[in-house]
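Comments concern the structure below.
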Amino acid sequence: MECGPYELIKESSECKARRGKIYTARGIIDTPVFMPVGTQGTLKGVANELLSDSDVQIILANSYHLYLRPGTEVIKEAGGIQRFNSWNKPMLTDSGGFQAFSLKGIRKISENGVEFQSHIDGSKHFFSPEKSIRVQRDIGADIIMCLDECVSYPSDYEYAKNSMELGLRWAGKCKEEFWRDNNFSKTRQSLFGIIQGSVYSDLRLKSTYEILNIGFGGYAIGGLSVGEPKEEMHSVLENILPVIPSGKARYLMGVGMPEDLWECVERGIDMFDCVIPTRNGRNGQVFTSFGKINIRNLEFKKDFSPLDINCRCPTCKGYSKAYLNHLVRSKESLYLSLLSLHNVYFMVNLMTTIRKSVETDTFFKSKKEFFEKYYSRNQN
RNA sequence: GGGGGUGUGGCAGAGUGGUUUAAUGCACCAGACUGUAAAUCUGGCGGGCUUGCCCUUCGGUGGUUCAAAUCCAUCCGCCCCCA
């Protein structure tokens with residue numbers, strides 16, 4: 001069985017929260033960690049330099065997108081994604097499994113993999129589990145993911161069961177391909193398996209046991225935060241996390257909102273990724289310690305204070321709400337960067353706060369303080 | 001002085017007798033966004049409340065008509081051409 005890159009440092013005395021480290025070739029990641037998403041290899045609207053002072057430790061990219069453009073051969077020739085995009089910290093690539101969900105209508109799933117019709121030019125491309133691994137190997141991120149199908153919600157039992165079982169077969173093939181030429185020592189990548197099974201507890205458990213049995217460097221939970229009620233998501237976590245060995249990282253894919261980070265760390269999650277800070281930033285929504293706001297709204301037109309007095313990001317250091325409100329209303333492209341940057345800072349700073357609370361066994365105290373402030377503006 | 005045209009909701013601009021509180025776009029007011037086909041999408045945008053209705057709207061006034069933003073008269077404003 002493969003050795004994982006995770007080291008457990010401390011377990012909370014209050015709940016299932018953990019402090020840990022993930023070792024990669026490009027550096028050590030303190031967990032729990034929030035990983036912002038940069039589908040095309042960059043956080044949309046945020047230059048690397050702007051993050052040099054931040055707590056961003058690792059970013060995501062997407063193998064489907066990079067495979068289509070610029071093409072894996074370009075990235076390979078550049079010397080890997082981190083050489084290509086000049087991000088000298090860890091990266092993780094998703095397998096294309098999420099696109100099996102989001103590109104519904106222009107993709108076909110079969111036993112051997114997913115056929116995509118390119119959203120760019122309509123050309124057809126086939127991602128087998130092995131192909132996804134080869135693509136991710138060429139891209140060269142530190143952590144790579146098995147090809148899976150992110151099942152939508154709601155999903156009937158039969159569909160979820162068949163999809164989950166197909167996912168297990170794919171996971172086996174991914175692992176086999178990953179180890180085929182024993183390239184691991186050369187690239188020092190880690191391959192994570194993904195647990196599926198929608199909201200059905202027996203399917204989730206079966207998936208967990210089988211994925212564990214195949215054995216991966218870390219374990220991701222997929223197919224959540226796709227529209228199911230929060231309680232469903234929490235009960236899935238409570239159901240399967242106790243089964244996963246404590247020496248492995250647990251990664252909740254696609255989550256989430258600030259409140260989700262607290263709730264899911266509390267249940268034992270180590271890694272999160274989400275597009276929310278950047279996408280919502282581009283749409284004018286800003287996270288602050290006093291709640292979320294839409295900076296385009298009238299109430300900020302003459303508000304000359306920073307977005308968040310508790311924030312040390314470049315946006316908050318340099319610009320007022322009134323000015324950002326003006327930039328958004330004027331559609332001046334600078335706001336895309338400034339708001340995305342602030343939101344990314346907010347999420348990773350929150351994660352730093354959460355890590356400290358686990359270290360000092362003040363998780364619930366900190367959580368309470370956060371929520372009291374966060375919901376002080378409105379009831380969200 | 002003569003001839004022609006035109007005036008529609010914050011703006012632009014459809015509509016030329018009924019299905020019109022009046023298309024569409026912009027602006028404005030909100031909301032949503034969770035492993036990124038998203039700098040996107042959705043809703044609202046005359047007034048009132050008992051939220052289903054009532055009242056008020058297409059330069060002004062007065063008519064015709066069962067019915068007028070739409071037809072007629074007149075007044076006012078603006079534009080173009082000729083003197």
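In what follows, chains carry the letters A, B, and so on, assigned in the order in which the sequence lines appear, proteins first and then strands, with residues in each chain numbered from 1. In this text the structure is predicted, and so the values were computed from the model without any measurement.
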- Is the gap between the ring centers of A/F116 and A/Y64 under 6.0 Å? yes
_Does A/K373 qualify as a cation-pi partner of A/F290, given the criterion of NZ or CZ under 6.0 Å from the six-membered ring centre and within 45 degrees of its axis?_
yes
note: A/F287, atom CZ; B/A32, atom P; distance rounded to Å ~ 10 Å
Using a cut-off of strictly less than 4.0 Å, decide whether A/R296 has a side-chain nitrogen or oxygen near OP1 or OP2 of B/A30. no
Pairing partner of B/G7, by Watson-Crick or G-U wobble and under 3.5 Å for both distances, is B/C76
request  = Decide whether A/N62 and A/Q99 meet the rule of one side-chain donor and one side-chain acceptor closer than 3.5 Å.
outcome  = yes
Partner of B/U19 under the Watson-Crick or G-U wobble criteria, both distances under 3.5 Å, comes out as none
Checking side-chain polar atoms at under 3.5 Å, does A/Q82 have a donor or acceptor matched by the opposite partner on A/R26? yes
Exercise. Just to confirm, is there a sub-4.0 Å distance from OP1 or OP2 of B/U36 to any side-chain nitrogen or oxygen of A/N62?
Worked result: yes
Rounded to whole Å, CG of A/N280 lies from P of B/A38 at a distance of 15 Å
Please determine whether a side-chain nitrogen or oxygen atom of A/R329 lies at a distance below 4.0 Å from atom OP1 or OP2 of B/C28.
yes
Is it the case that B/G31 (base atoms only) and A/N294 (side chain only) share a donor and an acceptor within less than 3.5 Å, ignoring hydrogens and angles?
no
